[in-house]
Amino acid sequence: MDDEPPARFEAVYRETYGRLTAYAARRCDSPQDAADVVAEVFTVAWRRVHELPAGDEAVLWLYGVARNVVANHRRGELRRQARSARLDAELADLYGDSPDSGVELSAIAEAFRSLSDDDRELLSLVAWEGLGREEIAIALGLSRNAVRIRLYRARRRFSRALAEAGVHLTSQSRLAPAGRSL
């Protein structure tokens with residue numbers, strides 16, 4: 001095997017990709033997660049190509065890396081699920097059915113999920129993170145004007161989605177608590 005790092009990495013990649021993909025697929029919940037794991041394994045292998053053993057030991061080393069990446073992926077998934085559960089509880093507290101709200105949490109959640117990822121991110125940064133346009137512009141690498149326009153459009157699409165879901169806002173019922181506006 002050639003000692004030059006790019007050639008060495010490429011040879012190991014060709015020899016082990018299928019086996020590592022199968023390894024990850026058996027341990028992950030979805031093909032996308034398995035693909036992420038495999039990509040991370042080969043990222044580590046590229047960064048540490050000088051530590052990569054020669055011959056058949058390379059795949060064993062990569063299995064060890066894959067085991068760690070899968071464990072990290074699972075821990076990350078558990079953290080995401082915990083955050084989601086906290087957010088669901090927070091939403092239930094904020095927007096749960098109360099006699100005077102007239103707003104169903106499930107309808108709001110469904111309308112929110114129907115939005116694009118970009119729209120959900122913008123609305124979340126405003127409503128949950130409490131960021132202003134300038135802060136969002138910095139966080140997303142956009143101009144303040146672009147944020148203003150995208151936020152306006154996201155709010156309109158959310159309003160339409162709520163209307164389609166049968167959620168109608170009145171002057172007494174608001175989706176956001178006092179001090180926060182979507």
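Judged by distance alone, with hydrogens and angles left aside, the side-chain atoms of Arg75 form no donor-acceptor pair with the main-chain N or O of Val70 at under 3.5 Å. Panel note: side chain Ser114, backbone Ala111; a donor-acceptor pair is recorded below 3.5 Å. Side chain of Ser124 to backbone of Arg120: a donor-acceptor contact under 3.5 angstrom is found.
Linking ILVMFWY residues whenever their side-chain heavy atoms come closer than 4.5 Å, directly or via other members, leaves Ile149 and Leu151 in distinct clusters.
Under the 4.0 Å criterion applied to side-chain N and carboxylate O atoms, Glu110 and Arg113 are assigned as salt-bridge partners.
Counting only heavy atoms from C-beta outward, the side chains of Asp33 and His73 approach each other to under 4.5 Å. Counting heavy atoms from C-beta on, the side chains of Glu40 and Asp36 never come closer than 4.5 Å. Phe42 is listed as a side-chain neighbour of Thr16, based on a closest heavy-atom distance under 4.5 Å. A heavy-atom distance below 4.5 Å is not found between the side chains of Arg148 and Arg144. Leu78 has its side chain out of reach of Arg74: every pair of non-hydrogen atoms, C-beta onward, lies at least 4.5 Å apart.
In terms of heavy-atom proximity, Thr21 sits nearest to Val38 at CA-CG2, 3.6 Å. Closest non-hydrogen pair, Ala45 versus Phe9, comes out as CB-CE1, 3.9 Å. Of all heavy-atom pairs between Trp46 and Pro6, the closest is CZ3-CA, 3.8 Å. The two residues Ala154 and Leu123 come nearest to each other via the heavy atoms O-CD1, 4.0 Å. Annotation for His50 and Pro5: closest pair CE1-CG, 3.5 Å, computed over non-hydrogen atoms.
One distance of note links OH of Tyr13 with CG of Leu20; it measures 10.0 Å at 0.5 Å rounding. Going from atom CZ of Arg83 over to atom CZ of Arg79 covers 7.0 Å, rounded to the nearest 0.5 Å. Annotation: the span from Leu62 atom CG to Arg48 atom CZ amounts to 10.0 Å, rounded to 0.5 Å.
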Discussion item. What verdict does the side chain to side chain contact (heavy atoms under 4.5 Å, CB included) test give for Val59 and Arg19, after you've listed the backbone C-alpha separation in whole Å, the side-chain angles of each residue and the deciding distance to 0.1 Å?
Written reply: CA-CA 8 Å; Val59 73; Arg19 292 171 70 180; 3.9 Å; yes
Worksheet entry | Step-by-step side chain to side chain contact (heavy atoms under 4.5 Å, CB included) determination, Ile136 to Val126 | CA-CA 8 Å; Ile136 293 170; Val126 171; 3.5 Å; yes
Discussion item. I'd like to know whether Thr43 forms a side chain to side chain contact (heavy atoms under 4.5 Å, CB included) with Arg47, so could you lay out the CA-CA distance, the side-chain angles of the two residues, the decisive distance to 0.1 Å, and finally the verdict.
Written reply: CA-CA 6 Å; Thr43 299; Arg47 283 194 312 257; 3.2 Å; yes
Worksheet item: Do Leu140 and Leu125 pass the side chain to side chain contact (heavy atoms under 4.5 Å, CB included) test, and can you show the C-alpha distance, the side-chain angles, and the key distance before you say yes or no?
Response: CA-CA 10 Å; Leu140 299 180; Leu125 287 172; 4.2 Å; yes
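A cation-pi arrangement is absent between Arg160 and Phe158 under the rule of less than 6.0 angstrom and at most 45 degrees off the ring axis.
Here Glu57 pairs with nothing under the side-chain hydrogen bond (donor to acceptor under 3.5 Å, both in side chains) rule; sequence neighbours left out. Residues that satisfy the ring pair (Phe, Tyr, Trp, His ring centres under 6.0 Å) test with Tyr152, not counting sequence neighbours, are absent from this structure.
Applying side-chain contact (heavy atoms from CB on, under 4.5 Å) to Arg133 and the options Ile138, Leu122, Val147, Asn145 leaves one that passes, Val147.
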